[in-house]
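Just below is one structure, and these are the notes that go with it.
Chain A is the first sequence line, chain B the second, and so forth, proteins listed ahead of strands; every chain is numbered from 1.
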Protein chains: 2
Amino acid sequence: MTQNKLGVRIKALRTEKMLTLDQLAAASGSSKSYIWELENKNPPRPSAEKLADIGKALGVTADYLIGSDDQTRTEAEDIAFFRQYSGLPDDTRKVLRDMAESLAKMGRK
Amino acid sequence: MTQNKLGVRIKALRTEKMLTLDQLAAASGSSKSYIWELENKNPPRPSAEKLADIGKALGVTADYLIGSDDQTRTEAEDIAFFRQYSGLPDDTRKVLRDMAESLAKMGRK
DNA sequence: ATATTGAGTTCGGAGTAGCGAACTTTTTAA
DNA sequence: TTAAAAAGTTCGCTACTCCGAACTCAATAT
């Protein structure tokens, strides 16, 4: 059973978040059959749009899912997080910045 | 002639680097006719692989080229925040990401 | 003037992305 | 148990990606 990197990554993230094919499909605007094909069929060549939508639903970048560059999963999550953060309203961003400040102090100990 | 965002971004980067269609095609392993179609035809839906290759040749990520979210002209405050965030330990960053997720859900409705 | 070169543009077609619906397997309920 | 629901898998089809090759239009050379 030869697996492709993209499929492995999607499946890992999906199962980790305890999502079914149907749930991820709904969250990303795809069909469950197609999600399954991405995870199991080789070699998949999804559109950038689809992959970005799926990445968004999983909290990572499309670039990480393709694995074309050497973006680590942590980086992908951080970048995806920063994008989400950037899109939040001003006051919500401030709440997060304050929380970060507090957490930073705690960690400094 | 209304242009699509992806096309505009590719063309901007290509002309900025003074590359011809042929040159960018060669550098990214595509055909020049296809590069032209991406820049001018609507609506294009290139594969993530192609887009990552083109992005690589242009020095940007596929995620940026898709630009599903609006171009991030980020304020200094936000950038500073991200720097601070990046310096935090893994588990603390996760706490913040989870908080952001909750806050984002709240704001969504 | 008219070749040559280099840029962008058009077009037909092979192959596949991505879907819905039907099917099979696993889990839950009774 | 076994019925029903949920999860995963298969399949056929349409629409679109992406290519090569031919074309147009300028600019520079001869």
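- B:Y64 contributes atom OH, which lies 10.5 Å from atom CG of B:L6 (distance to the nearest 0.5 angstrom).
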Step-by-step salt bridge (charged side-chain N to carboxylate O under 4.0 Å, His left out) determination, A:D98 to A:K94:
CA-CA 6 Å; A:D98 291 345; A:K94 175 145 184 28; 3.2 Å; yes
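- Here the straight-line distance linking atom CG of B:L51 with atom NZ of B:K56 works out to 13.0 Å at 0.5 Å rounding.
- Using a 4.0 Å cut-off on heavy atoms, the residues of residues 17-24 of chain A that approach DNA chain D are A:T20, A:L21, listed by number.
- Note: B:D53 CG to B:S47 OG = 8.0 Å, rounded to the nearest 0.5 Å.
- Note that CD1 of B:I10 and CD1 of B:I54 are 5.0 Å apart. Values are rounded to the nearest 0.5 Å.
- With rounding to whole Å, B:I10 atom CD1 is found 14 Å from C:dG8 atom P.
- A distance of 14.5 Å separates OH of A:Y85 from CE of B:M99, quoted to the nearest 0.5 Å.
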Using atom types as modelled, flag every donor-acceptor pair under 3.5 Å from a side chain in residues 16-24 of chain A to any protein atom, sequence neighbours excluded.
unit_1 : atom_1 : unit_2 : atom_2 : d
A:E16  : OE1    : A:R73  : NH1    : 3.2
A:E16  : OE2    : A:R73  : NH2    : 2.6
A:K17  : NZ     : A:L58  : O      : 3.4
A:T20  : OG1    : A:D22  : N      : 3.4
A:T20  : OG1    : A:Q23  : N      : 3.0
A:Q23  : OE1    : A:T20  : N      : 2.9

At under 4.0 Å between heavy atoms, how does the protein contact nucleotides 13-23 of chain D? Give one character per nucleotide, 5' to 3', with B, S or -.
---SSBBBB--
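- Between B:R14 and C:dG8 there is a side-chain N or O to OP1 or OP2 distance below 4.0 Å.
- A straight line from CD of B:E39 to C1' of C:dT10 spans 16 Å, rounded to a whole angstrom.
- Between the side chain of B:K11 and the backbone N or O of B:L38, no donor-acceptor pair lies under 3.5 Å.
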